[in-house]
Amino acid sequence: MLVITDISKTFSPGTVSEKKALEHVSLTLRDGDFATIVGSNGAGKSTLFNAIAGSFIVDEGYIDLDGEDITFEKEHIRSRYIGRLFQDPLMGTAPHMTIEENLSVAFLRASGPSKHIFSRITAKEKQLFRERLSLLHMDLENRMQSQVGLLSGGQRQALTLLMATVVTPRLLLLDEHTAALDPATAEKVLALTKQIIEEKKISCLMVTHNMHQALEMGNRTLMMDAGRIVLDVEGAERAGMTVEDLLRRFAQNAGQALDNDRILLS
Amino acid sequence: MPVTIIQTALDNGLIYGLIALSLFVSFTILNICDLSTDGCYMLGAAVGVAVTIAGHPLLAIPASMAAGICSGFVTAQLQTRFGVQSILAGIIVNTGLYTINLMVMGMKTNLNIVGKDTIFTLIEKLIPGAFWKTWHRSVFLLLLLVLICFVLYRFLGTRLGLSIRATGDSPAMVRASSINTAFTVTVGLCIGGALTGMAGCLIGQYNKNSEINMGTGMVTIALASLIIGQTLFGRGKMAVRIAGTVAGSVIYRFIIAAALRMNVPTQAFKLVSAVIVAVAIAAPAVRQMAAERMQQRNAGRSRRKAAQQRGRG
């Protein structure tokens, strides 16, 4: 369970470019919750993810994960139990290393950093990687020795998804991870995401700019504006909602219409 | 070429190959420009020669490696913990090391190993015979470099080695994989420091001398070797790239030896190295420029020809 209590973050405080990126955000994500997040430009969606993943330390408030206070935990420590995917498929993988080597680095989370640093990839692990890769149906299990830089964007993002979940994370952060892919590939990666999350029952937050996706994926929808969460719907209320309802509710709560130049309404 | 020149080129190439390997780790794998090489190499030579004069030629090797590790550690801490830019961190350490090196050499600018055993004289004594007397250095250095290349290759396949490689390849991915980049950068630069320090120690014992300015320009020479190696062998597997780095260093020494035969003065070598590095790094851009110019000219020609044909028709 992720409990965010009243966190705020201001960038460049006291200067002309001061930006209040998060303003007193509180959020509780129960175990197995899969919430989608939509919001206007600069609403603080990515900042929220950076705060949770530990890219910076928040100015105030607390972040607890499974009852543990992680507010001041370093980013590389948090990444042991928080998986993350970025929009750019090039960010999640090392292009000059093979598929197998990439997965091994991701698999380090299982063994912990201090243990066995001089050990090598075992045959058993290779077998595990092969099995996991075969789930992608991209024939990557037969290309384990290929450099990742040779793969397509979709393949790389699917691999990144696998790397983020090869050791089941307590929380998965998806930051528009299909936005840079072509529609058919995006569909495929999204289906994989759904499958892996359901299979492993991972708690997940997903930023999207596709309003239909925001309502269809997961069990909960959050909307953000100007560093605040302005809408949080789930259950029966969400089930009966259309995109129009969602936009209307957003306008009511945020005091303005949704302003996002990349939003997909259909 | 006479045998002695070939032999010297080979020996020097192998020893400087250690520095090329050090830059292979920092420059190629970690993608960090570490300019502390000159000072670190000199530190290895100073420590190595000082310990050899004290009567411990074997101990001199681990001692100079330890000194190199300290140098690499300081460089790494400056850039990972204190936010100093990597190039600047190297330059700062390099500058500071000048004084440290003088201190190690007892505030003298020159130390000579007179009448003391070096690792090479010890090896020479192992086996009698004329062949061994001529080739003991080359054989020892070759075996040493093979061993070091093998250890480095094996190390880069371990979890820690893979983490170091990933750090240079995709920092974002590494942070998301619970790897502390500060740690991997530190380990990488310490390995580089150990190799550079060892090279300094071996050169000191080889020439039975350490002189405070012998490190100047070493980073350019090592970079030239690395680039030669990566250009010739850079697209292969990791094992080939590691061996290729050492091969690049040996090839560089042979180029220098050939230049010597053509009566190029020794003072010109640093300029030659600088030109090799500049040319090697600039080559892809120059090739691109030439290709574009060629394309432009051909396009212009075929267009004129087409216009002429239309005019006639």
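Atoms considered below: every heavy atom in the structure, side chains included; atoms not considered: hydrogens, waters and symmetry mates. Letters A, B, ... mirror the listed sequences (proteins, then strands); counts begin at 1.
- By the 30° and 60° cut-offs, the orientation of the rings of A/Phe56 relative to A/Phe11 is perpendicular.
- Counting heavy-atom pairs under 4.5 Å between each of B/Asn180, B/Leu160, B/Val174 and chain A puts B/Asn180 at the top.
- Contact annotation for residues 120-134 of chain A against chain B (heavy-atom separation below 4.5 Å, listed by residue number): A/Arg120, A/Ile121, A/Glu125.
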List the atom pairs, with distances to 0.1 Å, where a side-chain N or O of residues 219-234 of chain B and a protein N or O form a donor-acceptor pair under 3.5 Å, not counting sequence neighbours.
unit_1	atom_1	unit_2	atom_2	d
B/Ser225	OG	B/Ile221	O	3.0
B/Gln230	NE2	B/Thr245	OG1	3.1
B/Thr231	OG1	B/Ile227	O	2.5

Side chains of residues 17-35 of chain B: which donor-acceptor partners sit under 3.5 Å, not counting sequence neighbours?
unit_1	atom_1	unit_2	atom_2	d
B/Ser22	OG	B/Gly192	O	3.1
B/Ser22	OG	B/Thr196	OG1	2.9
B/Ser26	OG	B/Ser22	O	3.4
B/Asp34	OD1	B/Ser36	N	3.1
B/Asp34	OD1	B/Ser36	OG	2.8
B/Asp34	OD2	B/Ser36	OG	3.4

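- No other option in A/Ala164, A/Gly54, A/Ala106, A/Pro95 has as many heavy-atom pairs under 4.5 Å with chain B as A/Pro95.
- Put simply, of A/Met163, A/Met91, A/Lys74, the one with the most heavy-atom pairs under 4.5 Å next to chain B is A/Met91.
- The shortest distance between side-chain heavy atoms of A/Leu103 and A/Leu159 falls below 4.5 Å.
- For the options A/Glu75, A/Arg78, A/Arg84, heavy-atom pairs under 4.5 Å to chain B are most numerous at A/Glu75.
- A donor-acceptor pair shorter than 3.5 Å cannot be found between the side chains of A/Gln157 and A/His177.
- Within the model, atoms CG of A/Leu48 and CD1 of A/Ile4 stand 5.0 Å from one another, a figure rounded to the nearest 0.5 Å.
- With sequence neighbours excluded, no residue satisfies salt bridge (charged side-chain N to carboxylate O under 4.0 Å, His left out) with A/Arg156.
- Side-chain atoms of A/Asp175 and A/Ser46 form a donor-acceptor pair, as typed in the model, at a separation below 3.5 Å.
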